[in-house]
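Heads up: the structure comes next, in structure tokens.
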Amino acid sequence: MLNGKRILLIVAGGIAAFKSQELIRLLRKRGAAVRCVLTEAGAEFVTPLSLQALTEDRVYSDMFSLTDESEMGHIQLSRDADLLVVAPATANLLARMAAGLADDLASTVLLATDKPVLAAPAMNVRMWTHAATAANVATLRGRGVAFVGPNEGVMACNEFGPGRMSEPEEIVAAIEALLAKGRPLAGKRALVTSGPTREAIDPVRYISNHSSGKQGHAIATALACLGAEVTLVSGPVAIADPPGLKVVKVESADEMLAACLQPGAVDVAVCAAAVADWKAARPASAKLKKKPGAAPPSLELAPNPDILATLSKAGPKRPKLVVGFAAETENLVANAVDKRRRKGCDWIVANDVSPAAGTFGGERNTVHLVSAGGVEEWPTLAKEEVAARLADRIADHLGRPRPAAAAE
Ligand code: PMT
């Protein structure tokens with residue numbers, strides 16, 4: 001049930017806009033209050049009057065018709081909701097959201113809001129599979145925007161494939177799940193490590209790895225979405241800092257360890273960073289020069305501190321939950337089970353990082369969750385979905401208050 005919940009429904013210009021009417025009816029039947037923002041293109045497919053009749057509230061369409069005195073300002077409109085739902089979410093609106101544009105009322109409220117956002121994409125299959133749309137969706141997921149659909153099916157343009165907006169019942173189910181989640185980690189402190197480390201050989205050269213930070217950053221975002229106060233300690237990555245959380249940038253494993261010990265006691269630590277096991281024993285103070293006829297210099301390595309094992313050590317400051325990762329190229333589960341024991345952490349998220357798996361730098365991941373309770377195999381998922389599931393499990397483990405059982 002959605003009694004008392006306030007939904008701001010943003011209807012953009014796609015043929016699926018007609019389904020927004022059924023969506024409103026279902027939401028109101030479950031006790032939600034629905035307020036609509038209709039884009040100019042959306043008004044080509046559904047009339048403000050029809051939406052107004054269903055919501056029993058005025059329909060907002062033009063930013064400049066809102067005045068603080070007589071109408072709700074666009075900022076207030078974006079805040080006076082428990083959840084913003086974009087249905088249909090067209091390729092154009094997703095692109096403007098990803099770019100942070102605020103050139104109409106819909107994009108403005110989406111940029112100004114401090115509430116969760118759920119998008120229900122709807123577009124032609126080629127638009128959905130276009131690299132530009134995929135990049136926009138990945139950007140938005142990385143900022144915590146939730147998605148429902150799209151479904152596969154015959155499109156209005158008689159093509160078949162992904163791009164068809166989810167059915168109103170599916171969108172309602174996604175809304176109920178999102179709102180049921182609430183912020184179970186409110187008041188909890190989380191530490192997440194992400195990205196590679198760089199171990200200097202000389203002032204110019206370093207040892208590193210292929211970690212992009214996508215998985216670690218997604219986990220930091222997912223924990224923040226559940227209300228945790230997150231400190232993200234990141235090696236050098238090309239992706240943007242997730243909004244709304246503290247980011248500490250480091251280079252070497254030594255710097256990463258120091259940064260991890262800085263925040264003081266945390267409730268949960270998730271070590272997703274690809275930390276170099278070794279560093280140069282004696283980094284050169286000047287660039288190593290190639291000497292004609294001389295043999296190449298040999299590189300003596302020395303061990304790096306083990307951040308996960310350090311955080312896992314028993315003691316008054318040990319987090320209640322320490323989650324490590326295992327990057328393996330063979331014997332994944334056996335190595336992960338052994339790693340959990342050796343490092344002393346509570347859970348290990350094990351993933352195959354052999355080149356064929358495409359885990360490093362890729363958008364998707366296939367993980368096994370190893371804990372004292374055994375080994376769980378998760379399906380291949382978007383890294384943001386892996387992050388959302390892991391954050392949910394962490395919230396359960398740290399004792400999320402159970403939502404009141406939905407009234408029958
Ligand atoms: O960043 P992406 O491109 O999204 O790729 C994601 C990922 C593959 C980097 C990520 O999913 C992952 O597997 N991260 C852990 C990589 C790694 O270093 O695994 P490992 O098996 O070598 O280390 C085991 C655990 O010990 C990890 O939690 C690691 O953070 C930690 N460790 C390792 C060495 C060290 N000196 N200190 C550590 O804390």
Side-chain angles (χ1 to χ4, degrees), residues 138 141-142 191-199 207-222 232-242 250-261 268-280 301-313 319 321-371 378 380-387 389-390:
R141 284 183 188 276
L191 169 71
V192 179
T193 67
S194 182
T197 61
R198 283 183 183 168
E199 310 299 336
I207 305 168
S208 189
N209 59 64
H210 299 295
S211 171
S212 65
K214 287 176 182 173
Q215 186 63 81
H217 281 49
I219 291 166
T221 299
L232 171 63
V233 179
S234 175
V237 294
I239 58 175
D241 295 351
V250 298
E251 295 246 340
S252 68
D254 286 321
E255 290 169 4
M256 187 173 274
L257 174 62
C260 286
L261 298 178
V268 54
V270 183
C271 295
V275 185
D277 287 324
W278 304 287
K279 59 189 170 189
L301 299 178
N304 261 327
D306 190 321
I307 300 165
L308 174 62
T310 304
L311 294 172
S312 300
K313 273 202 190 84
L321 179 65
V322 181
V323 182
F325 269 71
E328 306 296 337
T329 55
E330 57 186 3
N331 308 321
L332 182 102
V333 174
N335 285 335
V337 169
D338 179 52
K339 197 160 276 187
R340 189 180 85 87
R341 179 188 54 75
R342 275 187 297 109
K343 302 234 181 188
C345 56
D346 301 300
W347 300 350
I348 282 269
V349 179
N351 49 189
D352 176 353
V353 293
S354 45
T359 308
F360 273 123
E363 300 302 328
R364 302 169 71 77
N365 203 351
T366 311
V367 305
H368 287 68
L369 181 61
V370 179
S371 67
W378 291 3
T380 299
L381 299 164
K383 284 181 177 174
E384 294 80 8
E385 185 55 35
V386 170
R389 287 189 181 202
L390 183 63

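Bear in mind that the values here come from a model prediction, so they are computed numbers and not experimental data. First listed ligand is number 1; within each ligand, the first listed atom is number 1.
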Checklist line | ligand 1 contact on Ala272 by region, counting heavy-atom pairs under 4.0 Å | finding: backbone
Notebook entry, point to check: Hey, is Gly361 one of the residues with a heavy atom under 4.0 angstrom from ligand 1?
Noted result: yes
Check: Non-hydrogen atoms of Asp277 versus ligand 1: any pair closer than 4.0 Å?
Finding: yes
Next item on the list: Decide yes or no for Asp306 and Asp277: does some side-chain heavy atom of the first lie under 4.5 Å from some side-chain heavy atom of the second?
Entry: no
Margin query: If we only consider heavy atoms of Lys343, is any one of them less than 4.0 Å away from an atom in ligand 1?
Written below: yes
Checklist line | Side-chain donor or acceptor of Gln215 paired with backbone N/O of Lys383 under 3.5 Å | finding: yes
Check: Can you tell me how far the CG atom of Leu232 sits from the CG atom of Asp241, to the nearest 0.5 Å?
Finding: 7.5 Å
Note to self: For ligand 1 and Gly324, I'd like to know whether there is a polar contact (N/O to N/O, distance under 3.5 Å).
What the structure shows: no
Margin query: So is Gly216 touching ligand 1 or not, going by heavy atoms under 4.0 Å?
Written below: no
Next item on the list: Please confirm whether Cys345 comes under 4.0 Å of ligand 1, counting heavy atoms of the residue only.
Entry: no
Notebook entry, point to check: Short question: side chain of Lys313, backbone of Gly344 - any donor-acceptor pair under 3.5 Å?
Noted result: no
Check: So is Ala218 in contact with ligand 1, going by heavy-atom distances below 4.0 Å?
Finding: no
